[in-house]
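Each remark here refers to the structure printed beneath this line.
Chain identifiers are assigned alphabetically (A, B, ...) following the order of the sequence lines, protein sequences preceding nucleic acid strands; residue numbering begins at 1 within each chain.
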Amino acid sequence: MIRLRNAAKFLRLWAVVFAFAVLILPTLGSGDSANSSERFNKLGHQIMCSCGCGQILLECNHVGCPASDGMRQELRIAMDANYSDKAVYDVFIQKYGPVIMAAPVFHGFNILAWILPFAVLLVGSLAAASLIYMWKRRSLRQLPAPPPPLSNAMRDRIRQETEL
Amino acid sequence: MILTFAVCLFTYLRQRDHLRVEHRLDSLVSRESSFLFNNLLLLAACFTVLWGTLFPILSEWAEGTKVTVGAPFYNRVGVPIGLFLLFLTGIGPVLAWRSTSLRSMRRNFILPVVAGLSTAGILMATGMRPWQDEATLYAVMAFSIGALVVTAVTSEFLRGAAVIQQQTGRNIFAATVELTRRNTRRYGGYFVHFGVVLIFIGIAGSAFNQVNEQELGFHDAMTIGPYKLVDQSYTQDDNPNYRSEYALLDVYKGNKKIAQLAPEQRFYYASQQTETMVANNSNLERDLYVIYAGKNPDTGQPIIKARLNPLVNWIWIGVVVIILGTWIALVPSRRAANRSRAIPAREVSETDHAAVVGGD
């Protein structure tokens with residue numbers, strides 16, 4: 001019983017560590033890219049095309065698109081001016097509005113967009129784990145009581161009746 | 001939506017007594033619990049899609065400005081959930097029903113964990129740097145967890161096959177086939193797990209997608225990854241349905257020509273729409289996808305867009321394996337098939353009757 005409890009605690013701890021690592025690691029080292037074309041690719045995939053096609057700027061294959069060439073040019077100009085990633089995004093947001101970003105910026109109310117799915121998963125997992133723990137405790141409490149020890153009279157009677 | 005929710009809630013409240021079960025989950029570390037957490041993850045994935053769909057409206061209501069929730073959001077939120085699912089695909093079959101002891105976990109998990117960590121080590125040694133960007137991190141995790149799952153499931157096959165091999169003296173392959181035939185639902189399900197791993201490997205390849213777009217004049221060349229595309233000619237064509245422009249490109253890997261591709265752009269007269277006909281060269285390693293993206297209005301030179309998408313075909317192979325696993329699971333198990341064979345009726349003699357009922 002104690003071993004199982006320890007095993008469950010051990011697994012729970014590692015599950016939390018693993019989840020934390022998975023969530024945190026992508027943000028580590030996520031600064032400005034060094035390579036120019038890689039950076040252009042990375043930034044361009046965070047911005048939407050403003051022509052209304054609903055596609056990412058660098059994925060826009062809308063034939064005769066009136067906006068994407070100009071926007072790519074603006075992105076190149078911002079990169080050539082040595083703006084940081086955040087500054088580049090701010091330039092686009094100022095000109096086109098927050099809707100130009102392909103995902104909500106991690107700020108203010110938009111933080112909820114990123115956190116809530118993981119929060120739902122965490123709360124659901126904790127609820128399920130608590131429910132299992134409660135059921136297990138209840139089933140242990142409901143186990144039938146062990147039979148009472150045999151009295152000497154009963155033991156003698158059993159011996160008599162079973163003697164060949 | 002409110003009406004649908006109200007009807008579902010009302011039906012649930014009326015019928016919830018029928019949903020009660022006698023049995024309860026006995027342990028957090030058990031196969032039943034892994035099913036439960038599997039369903040929780042799928043629920044979280046559904047919630048992510050719902051949340052991403054509704055968030056622009058909520059944000060406009062809360063802050064007065066609309067935001068876009070696009071691919072970067074789903075990549076960042078959905079991929080970790082998918083990786084957890086893949087992980088459970090591997091540990092679920094190795095956990096025992098009702099409760100798994102620490103000793104059993106150590107015995108069953110040691111090889112899969114070693115396989116997963118070794119895969120991560122090999123990938124990093126061959127140049128993948130998961131700390132550089134999240135796409136590479138997720139790809140390394142997908143490959144490593146995939147190795148863990150394949151090892152766990154293969155060990156389940158081999159463990160059972162070894163027992164049959166000992167009992168019957170057959171070779172390991174024949175023993176595996178016999179094992180599968182004796183419990184098609186279980187081992188067909190394991191084939192489905194293999195298929196899921198293959199799909200994840202195919203998706204993980206998208207972390208290494210490359211794109212290149214360039215004006216290509218006559219005999220000009222462009223490179224993408226290890227491939228060089230050399231333009232041979234540009235041609236126009238006209239027929240009653242559409243007018244088309246296409247490029248003829250030779251594809252070289254090193255100095256060896258491996259393919260000739262003809263990406264095309266068509267203008268359909270009836271619909272007055274322009275469509276691109278993609279040229280695709282596909283193998284197990286990658287898809288080389290070439291698009292005729294029109295002409296530069298200033299120079300008149302054609303623009304060619306090339307995409308290199310690694311491991312895409314593994315997604316389709318994974319789907320085929322899943323279908324195969326499903327068919328295996330649907331076939332009745334060998335013992336069950338034998339049991340259901342009809343036994344011809346015969347008269348029961350007095351001796352037979354006595355043997356069944358009991359007596360002198």
Neighbour count >12 (heavy atoms, 6.0 Å) for atom [atom1], [X]:
| X | atom1 | value |
| --- | --- | --- |
| B/Ile110 | CD1 | no |
| B/Trp61 | CH2 | no |
| B/Tyr289 | OH | no |
| A/Arg155 | CZ | yes |

Side-chain polar contacts of residues 92-110 of chain A - donor-acceptor pairs under 3.5 angstrom, sequence neighbours left out - could you list them?
residue: A/Lys95; atom: NZ; partner: A/Glu74; partner atom: OE2; Å: 2.7
residue: A/Tyr96; atom: OH; partner: A/Glu74; partner atom: OE1; Å: 3.2
residue: A/Tyr96; atom: OH; partner: A/Glu74; partner atom: OE2; Å: 3.0

Side chain, backbone, both or neither: which part of [X] has a heavy atom under 4.5 Å from chain A?
| X | result |
| --- | --- |
| B/Ala293 | neither |
| B/Glu32 | neither |
| B/Ser59 | both |
| B/Ile291 | neither |

Quick one: of B/Thr48, B/Leu36, B/Thr68, who has the most non-hydrogen atom pairs under 4.5 Å with chain A?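 Looking at each of B/Thr48, B/Leu36, B/Thr68 in turn, B/Thr68 comes out on top.
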State the CG-CZ distance between A/Leu121 and B/Phe37, to the nearest 0.5 angstrom.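 So the CG of A/Leu121 and the CZ of B/Phe37 are separated by 9.5 Å.
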In Å, rounded to the nearest 0.5 Å, how long is the span from CG of B/Asn209 to NE2 of A/His45?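 It is 8.5 Å, given to the nearest 0.5 Å.
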Interchain contact, A/Leu116 with chain B, by part (heavy-atom threshold 4.5 Å):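 Contact with chain B is through both the backbone and side chain of A/Leu116.
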Quick one: closest heavy-atom pair of B/Arg76 and A/Trp114, and the distance?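 Heavy atoms of B/Arg76 and A/Trp114 come nearest at CB-CZ3, 3.5 Å.
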Charged N to carboxylate O below 4.0 Å: is that the case for B/Arg307 and A/Glu59?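 Looking at B/Arg307 and A/Glu59, the cut-off is met.
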In terms of heavy-atom pairs under 4.5 Å with chain B, which of A/Gly54, A/Ser125, A/Gly124 leads?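 Highest number of pairs under 4.5 Å: A/Ser125.
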Going through the distances and angles, do A/Leu112 and B/Trp51 end up as a side-chain contact (heavy atoms from CB on, under 4.5 Å)? CA-CA 10 Å; A/Leu112 214 56; B/Trp51 186 239; 4.2 Å; yes
